[in-house]
Amino acid sequence: MIENLVIVESPAKAQTIEKFLGKDFTVKSSYGHIRDLEKNTLSIDLENNFKPLYIVPEDKKKLVSELKKLVKESKIVWLASDEDREGEAISWHLYEELGLKKEQTRRIVFNEITKDAILKAIKNPRFIDENLVNAQQARRLLDRMVGYEISPILWRKVRPSLSAGRVQSVAVRLIVEREREITAFKSSSSYRVAANFHLDDLKKNNLIAELPNKIENSELTLKFLEKCKNATFKVADVFTKPSKKSPAAPFTTSTLQQEASRKLGYSVAQTMTIAQKLYESGKITYMRTDSVNLSETAVGMAKDIIVKEFGAKYSNPRQFKTKSKGAQEAHEAIRPTYMANMETEGSSQEKRLYELIWKRTVASQMSDAALEKTTAIIDISTTKEKLEANGEVIKFDGFLKVYLESTDDENEEENTKLLPPLSVGQVLKLRNINATERFTYHPPRYTEASLVKKLEELGIGRPSTYAPTISTIQQRGYIIKEDKLGNERKFNVFILQDNKIEETVKTEITGAEKSKLFPNDIGLVVNDFLVSYFQNILDYNFTASVEKQFDEIAEGTLKWTDMIGKFYHPFHTKVTETIANSERNVGERNLGIDTQSGKTVLVKIGRFGPMAQIGEASDEDKPRFASLLKGQRIDTISLEEALELFKLPRIIGQFEGKDVTAGIGRFGPYIVHNSKFVSLKAGVDDPFTISIDRAVELINIKRIDDQNKTILTFSQDADLTVLNGRWGAYISYKKENYKIPKTQDATKLSYEACMEIIKTTGSKSSGRKTISKSKVKTISKTKAKKK
DNA sequence: CAGTGAGCGAGCTTCCGCTTGACTT
């Protein structure tokens with residue numbers, strides 16, 4: 001007999017709590033939700049006041065039967081899932097599915113995993129909050145309706161297997177709209193003017209002062225510089241102003257993802273995997289949280305370590321308030337479990353992420369940094385414009401000793417220099433004045449992490465879904481994470497020195513970007529379709545407004561079935577109308593006429609992605625097709641660029657009596673000769689311009705490589721070869737690969753020995769993707785048969 | 001591996017939020 005059975009959501013949590021509670025308590029985990037709407041249909045009974053049809057999914061059946069068994073042996077069952085909407089629903093599903101009786105059931109909550117908090121919770125049990133459960137059911141059903149009624153429209157009108165949802169579709173919209181802003185952006189330039197003064201004859205000590213406002217154009221800049229010839233420069237005023245910097249709040253999931261991306265270059269999925277490892281080994285608190293709260297124990301631990309390491313004046317215990325919309329705060333902020341551990345064991349990634357979390361947490365409990373900003377105003381005798389020099393000194397470093405939050409602003413300038421001593425009235429000796437042309441820059445593209453930040457600001461998505469959402473919209477092909485090469489740009493610099501103005505033109509590389517999110521054509525088409533037919537759901541405030549209603553349900557002032565009914569009926573009407581009235585949408589755009597053939601040139605999304613087409617299907621001759629290149633988009637490609645695509649594949653010459661052809665295929669640019677392909681490296685060779693001489697050179701290089709690749713061939717069977725691959729020698733037979741046992745010498749294998757290996761080992765070394773795909777297929781087939 | 005892109009039209013795909021493995025090289 002078990003006295004007390006406690007059920008929590010996470011197994012790592014169960015382990016920790018079991019230690020706190022002692023022998024009379026058995027602690028188990030539900031591994032999140034144990035029941036959900038059935039996956040293959042809407043699973044909402046529309047005739048029966050939206051009764052949800054819940055099932056225990058296949059992968060949870062074993063767990064549920066284990067829990068059922070334990071429940072039978074237990075006197076009291078404590079449902080200790082998280083203190084939020086989802087947590088309440090988990091408890092309710094457990095209660096229903098495990099057949100619990102009210103008398104034996106206690107619902108308890110704690111939002112920090114400390115012994116005190118848990119014992120306190122045990123002393124204050126309650127029962128399941130039905131209103132909160134209903135708020136979750138409303139959330140669940142709304143998401144199911146949106147996802148499962150709109151997605152099929154996309155299958156019919158755009159392309160199979162696409163998806164739409166309350167969260168993912170808005171995430172795509174953000175990226176699409178940002179990209180259009182960038183396309184529409186027109187860069188303009190102005191001149192930044194900086195004067196450089198000698199302060200003494202040693203030339204060591206100089207002062208840089210700038211015009212506070214940039215000058216609009218080169219004419220006005222030259223005019224200003226003219227005026228500065230023979231002018232005297234005098235210090236008109238010097239003043240200092242104290243200022244302070246405060247530390248950032250401890251990490252939530254979202255801010256951890258942002259900082260790990262900026263400081264360590266991790267993707268959001270990477271960050272979460274590493275954090276999960278740290279959590280499972282007990283090194284950090286729970287990593288999916290929207291709370292910036294630290295437990296009292298944590299604040300105390302932080303104080304101890306700060307006083308010990310840095311001294312009492314660096315300590316400033318504090319609590320932060322959450323700023324994010326709809327935060328549920330069921331957990332603590334992400335922090336080290338034991339603050340005294342400044343570093344940790346594990347992989348280098350784990351070490352680095354731990355260190356980041358440690359610093360952020362400790363810094364949040366440290367004193368403000370005290371700064372002093374100094375400004376000097378400099379008069380110019382020949383004009384009323386004034387120059388300004390700024391300097392900043394750190395008077396007390398405070399939390400900066402440990403940690404400084406990074407920003408997303410790439411063009412931010414550091415301005416932490418100290419100004420040299422200056423006195424009012426002092427005349428300065430001019431060395432030169434530089435006027436540099438600067439360009440305005442378009443709004444930045446989103447990174448994974450900055451998209452998470454934006455979604456959080458809008459209250460869309462939850463800590464547990466940020467990473468999966470970003471991976472979904474990439475998987476569907478809506479967006480792509482890519483690097484962008486920069487462009488060369490010329491800019492003017494005017495220098496006034498020794499009363500002469502000199503003009504130079506310099507070049508810079510600008511606009512290079514790393515790991516940014518770009519929309520694909522399919523993302524643009526789907527987004528435009530959804531925005532035009534389901535504007536209310538794609539609205540950035542949709543989630544916020546339904547969340548308000550969920551809150552009312554949780555408070556008991558709104559009936560959940562009423563809310564869902566009010567949403568569903570007009571929504572479903574719109575769905576039906578859209579199916580009936582909308583055109584099939586492949587994003588077709590007419591670029592104009594091809595002067596050579598006189599036929600129209602179209603671009604659209606085809607079965608295999610975006611393509612250009614000359615002529616129409618109804619024409620007498622078949623239309624000609626060509627895929628768009630990477631980086632080309634349906635909405636921005638020009639007629640000339642599209643026609644260029646049809647110049648490939650092109651014959652560039654002959655070699656050994658056979659044609660050499662250049663083209664661009666699924667795997668990039670290539671040349672082909674005698675049906676043997678050679679890949680071209682992007683940026684090195686261009687299939688549009690490559691010469692026959694260069695092509696022959698590449699063919700010969702490839703031949704040598706192939707020779708080195710082949711270890712053995714056999715006269716008995718041309719399909720059988722022994723090749724040298726990335727992981728050593730292997731046997732290739734009829735497009736399947738086979739591992740050679742380590743006991744055998746690959747260079748001395750006989751035909752019979754090879755065939756023996758093929759028979760006994762079976763295909764093992766073929767690509768991972770093909771294997772997993774075929775497995776997935778067989779699984780779904782068997783499932784389908786069972787039904 | 002380097003092509004394809006109507007036509008015939010089965011049966012499949014899909015949501016958001018809770019939680020971890022189970023796979024391979």
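Reminder, nothing fancy here: chain letters follow the sequence lines and each chain counts from 1.
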[X]: which residues meet the side-chain contact (heavy atoms from CB on, under 4.5 Å) condition with it, sequence neighbours left out?
X        : value
A/Glu18  : A/Thr26, A/Val27
A/Lys548 : none
A/Phe625 : A/Met611, A/Gln613, A/Pro623
A/Arg156 : A/Ile579

> For the base of B/dC18, is there a side-chain donor-acceptor partner from A/Arg462 under 3.5 Å away?
Replying inline: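 There is none.
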Stretch residues 537-547 of chain A: residues that reach within less than 4.0 Å of DNA chain B through a heavy atom:
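Contacting residues: none.
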Would you confirm whether A/Glu83, through its side chain, and A/Ala330, through its main-chain N or O, come within 3.5 Å as a donor-acceptor pair?
->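 No.
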Answer yes or no: does a side-chain N or O of [X] lie under 4.0 Å from OP1 or OP2 of [N]?
X        : N      : answer
A/Ser464 : B/dC18 : yes
A/Ser10  : B/dT19 : no
A/Arg288 : B/dT19 : yes
A/Gln136 : B/dG17 : no
A/Ser163 : B/dC15 : yes

key: Among A/Arg462, A/Arg139, A/Arg140, side-chain hydrogen bond (donor to acceptor under 3.5 Å, both in side chains) partner for A/Glu86   =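 Answer after filtering A/Arg462, A/Arg139, A/Arg140: A/Arg139.
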Could you work out, with side-chain hydrogen bond (donor to acceptor under 3.5 Å, both in side chains) as the rule, every residue matching [X], not counting sequence neighbours?
X        : answer
A/Gln137 : A/Tyr54, A/Asn134
A/Asp82  : A/Lys13, A/His331
A/Asp594 : A/Ser597

Rounded to whole angstrom units, what separation is found between the [atom1] atom of [X] and the [atom2] atom of [N]?
X        : N      : atom1 : atom2 : value
A/Leu67  : B/dT19 : CG    : P     : 16 Å
A/Met272 : B/dT20 : CE    : P     : 10 Å
A/Leu63  : B/dT20 : CG    : P     : 12 Å
A/His93  : B/dC16 : NE2   : P     : 18 Å
A/Tyr31  : B/dG17 : OH    : P     : 24 Å
A/Arg476 : B/dT14 : CZ    : C1'   : 7 Å
A/Lys62  : B/dT20 : NZ    : P     : 17 Å
A/Ile150 : B/dC15 : CD1   : C1'   : 10 Å

I want to verify a distance call: between [options], whose nearest atom is closest to the [X] side chain?
X        : options                : result
A/Asp36  : B/dT13, B/dT19, B/dG17 : B/dG17
A/Asn40  : B/dC18, B/dC16, B/dT13 : B/dT13
A/Tyr148 : B/dT20, B/dT14, B/dC16 : B/dT14
A/Pro160 : B/dT19, B/dT14, B/dT13 : B/dT13
A/Val167 : B/dC15, B/dC16, B/dC18 : B/dC16
A/Glu280 : B/dT19, B/dT20, B/dC16 : B/dT20
A/Asp82  : B/dG17, B/dT19, B/dC15 : B/dT19

Checking A/Tyr533 now: which residues fulfil ring-ring contact (aromatic ring centres under 6.0 Å, His included) with it, not counting sequence neighbours?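 Testing A/Tyr533 for ring-ring contact (aromatic ring centres under 6.0 Å, His included), a comparison that skips the adjacent residues, returns A/Phe529.
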**Counterpart residues, ring-ring contact (aromatic ring centres under 6.0 Å, His included), relative to A/Tyr31 (two or more places apart)** =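 A/Tyr31: no ring-ring contact (aromatic ring centres under 6.0 Å, His included) contacts found.
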Whether A/Arg476 engages the ring of A/Tyr478 as a cation-pi pair (distance to the six-membered ring centre under 6.0 angstrom, angle to the ring normal within 45°) should be assessed.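 No, A/Arg476 does not lie over the aromatic ring of A/Tyr478.
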Is [X] touching bases, backbone alone, or none of the nucleic acid, heavy atoms closer than 4.0 Å?
X        : value
A/Gly165 : sugar-phosphate
A/Ala89  : nothing
A/Val146 : nothing
A/Gln168 : sugar-phosphate
A/Tyr466 : nothing
A/Leu37  : nothing

- request: On DNA chain B, check which nucleotide each of A/Arg140 and A/Ser29 is closest to and give me the residue with the more 5' one.
  value: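 This one resolves to A/Arg140.
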Annotated structure of DNA chain B as dot-bracket, pair cut-off 3.5 Å, Watson-Crick or G-U only, | for inter-strand, is .........................
- [ ] Identify the two heavy atoms, one from A/Leu680 and one from A/Asp685, that lie closest to each other, and give their separation to 0.1 Å.
- [x]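 Scanning both residues completely, I find the closest heavy atoms to be CD2-CB, 4.0 Å.
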Q. Less than 5.5 Å between centroids and less than 30° between ring planes, does A/Trp155 satisfy that with B/dT13?
A.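 By the stated criterion, A/Trp155 and B/dT13 stack.
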For nucleotides 2-7 of chain B, 5' to 3', base contacts (B), sugar-phosphate-only contacts (S) and non-contacts (-) with protein non-hydrogen atoms under 4.0 Å give BBBBB-
Practice item. Give me the ring orientation class for A/Tyr568 and A/Phe50: parallel if the planes are under 30° apart, tilted from 30 to 60°, perpendicular past 60°. Key: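 Perpendicular.
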